[in-house]
**Student:** 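Right, I'll just put the structure down here and ask away after.
One is the number of the first residue; the rest follow in order along the sequence. Because only heavy atoms are used, hydrogens play no part in the values below, and waters and symmetry mates are left out as well, while side chains stay in.
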Amino acid sequence: MELEALRSIYEGDECFKEISPVSFQFRIGDLEDTKAFILDITWPESYPDTAPQISLDAFFNNRISAETKQLILSKLEEQVEINLGTAMMYTLFEWAKENQETLMENHKPVVTAVTLTTSSEVITPTSTAKKKEKKEQLTKAQKRRIINRTDNKGELPRGWNWVDVIKHVSDKQLHQ
């Protein structure tokens, strides 16, 4: 019944995502908000008598420090203990939304190699790409020779660089 209630409450809400009938993701905050995070919640078989599994391992949360994640999880665990035995998903989501500022007050974005780029690094690949685009200009005669050497697929025929064994052996015998 809680699943049906969640579906009707959060229908069309881009913050709520049902992964499976027992697994959900809920984004607290806007996408552009640096203090936004995603809760991954999974119901065990004995839910709501058993606490749901709460995780902050989503890729979206990579910029959140381990200390801040731990604080969020511990505060959510307190809420789970208070609501144990009752349907608590809506309560958890709403509590997290209301307390987002408190949960993220010590948040300092973690800088990763993915987000760290300098303007010179961005310019360098484009300038080398432009240099690679310039190809050596071939004359018409050179192009004809290349086309005549290749088959209809643009590949060189088998054995094009093989040594003519008979000619090679006969040349050696003549020079002895």
**Student:** Mind checking side-chain hydrogen bond (donor to acceptor under 3.5 Å, both in side chains) for Lys17 and listing every partner two or more places apart, or none if nothing turns up?
**Tutor:** none
**Student:** Going through the distances and angles, do Phe16 and Ile9 end up as a side chain to side chain contact (heavy atoms under 4.5 Å, CB included)?
**Tutor:** CA-CA 10 Å; Phe16 180 78; Ile9 292 169; over 6 Å; no
**Student:** Do Met88 and Tyr90 belong together in a cluster built from hydrophobic side chains that touch within less than 4.5 Å?
**Tutor:** yes
**Student:** Got a donor-acceptor contact below 3.5 angstrom from the Ser74 side chain to the Gln70 backbone?
**Tutor:** yes
**Student:** Measuring from Glu94:CD to Met89:CE, what's the distance to the nearest 0.5 Å?
**Tutor:** 12.0 Å
**Student:** Find out whether Phe24 and Leu3 are in side-chain contact, i.e. whether some heavy atom of one side chain is under 4.5 Å from a heavy atom of the other.
**Tutor:** yes
**Student:** Say whether, by atom type as modelled, one donor and one acceptor occur between the side chain of Glu11 and the main chain of Ser8 under 3.5 angstrom.
**Tutor:** no
**Student:** Less than 4.5 Å apart, any side-chain heavy atom of Asn99 and any of Lys75?
**Tutor:** no
**Student:** Checking the side chain of Thr86 only, and the main-chain atoms of Asn83 only, is there a donor and an acceptor separated by less than 3.5 Å?
**Tutor:** yes
**Student:** Are side-chain heavy atoms of Trp95 and Leu103 found at a separation under 4.5 Å?
**Tutor:** yes
**Student:** So, for Ile41 and Pro52, which heavy atoms are closest and what is the spacing to 0.1 Å?
**Tutor:** CG2-CB, 3.7 Å
**Student:** For Gln79, which residues count as a side-chain hydrogen bond (donor to acceptor under 3.5 Å, both in side chains) partner, sequence neighbours excluded?
**Tutor:** none
**Student:** Rounded to the nearest 0.5 Å, how far does CD1 of Ile54 lie from CG of Leu92?
**Tutor:** 5.5 Å
**Student:** Using side chain to side chain contact (heavy atoms under 4.5 Å, CB included), reason through Leu76 and Leu39 one step at a time and then give a plain yes or no.
**Tutor:** CA-CA 10 Å; Leu76 283 168; Leu39 293 175; 3.4 Å; yes
**Student:** Roughly how far, to the nearest 0.5 Å, is SG of Cys15 from CD1 of Ile28?
**Tutor:** 7.5 Å
**Student:** Give the minimum heavy-atom separation between Pro44 and Ala51, together with the two atoms involved.
**Tutor:** CG-O, 3.4 Å
**Student:** Do you know which two heavy atoms are closest between Thr68 and Ser65, and how far apart they sit?
**Tutor:** OG1-OG, 2.9 Å
**Student:** So, for Phe37 and Phe60, is the gap between ring centers shorter than 6.0 Å?
**Tutor:** no
**Student:** Would Gln25 and Glu18 satisfy side chain to side chain contact (heavy atoms under 4.5 Å, CB included), going step by step from the backbone distance to the final call?
**Tutor:** CA-CA 6 Å; Gln25 281 189 338; Glu18 182 180 338; over 6 Å; no
**Student:** Can you tell me if Gln100 uses its side chain to pair, donor with acceptor, with the backbone of Lys35 under 3.5 Å?
**Tutor:** yes
**Student:** Does the Ser20 side chain pair with the main chain of Ser23, one donor and one acceptor, at a distance under 3.5 Å?
**Tutor:** yes
**Student:** Any side-chain heavy-atom pair from Leu56 and Ile72 closer than 4.5 angstrom?
**Tutor:** yes
**Student:** Does Arg27 use its side chain to pair, donor to acceptor, with the backbone of Gly29 at less than 3.5 Å?
**Tutor:** yes
**Student:** Could you walk me through whether Leu84 and Tyr47 pass side chain to side chain contact (heavy atoms under 4.5 Å, CB included), step by step?
**Tutor:** CA-CA 9 Å; Leu84 206 58; Tyr47 173 82; over 6 Å; no
**Student:** Compute the ring centroids of Phe26 and Tyr10, then answer whether they are less than 6.0 Å apart.
**Tutor:** yes
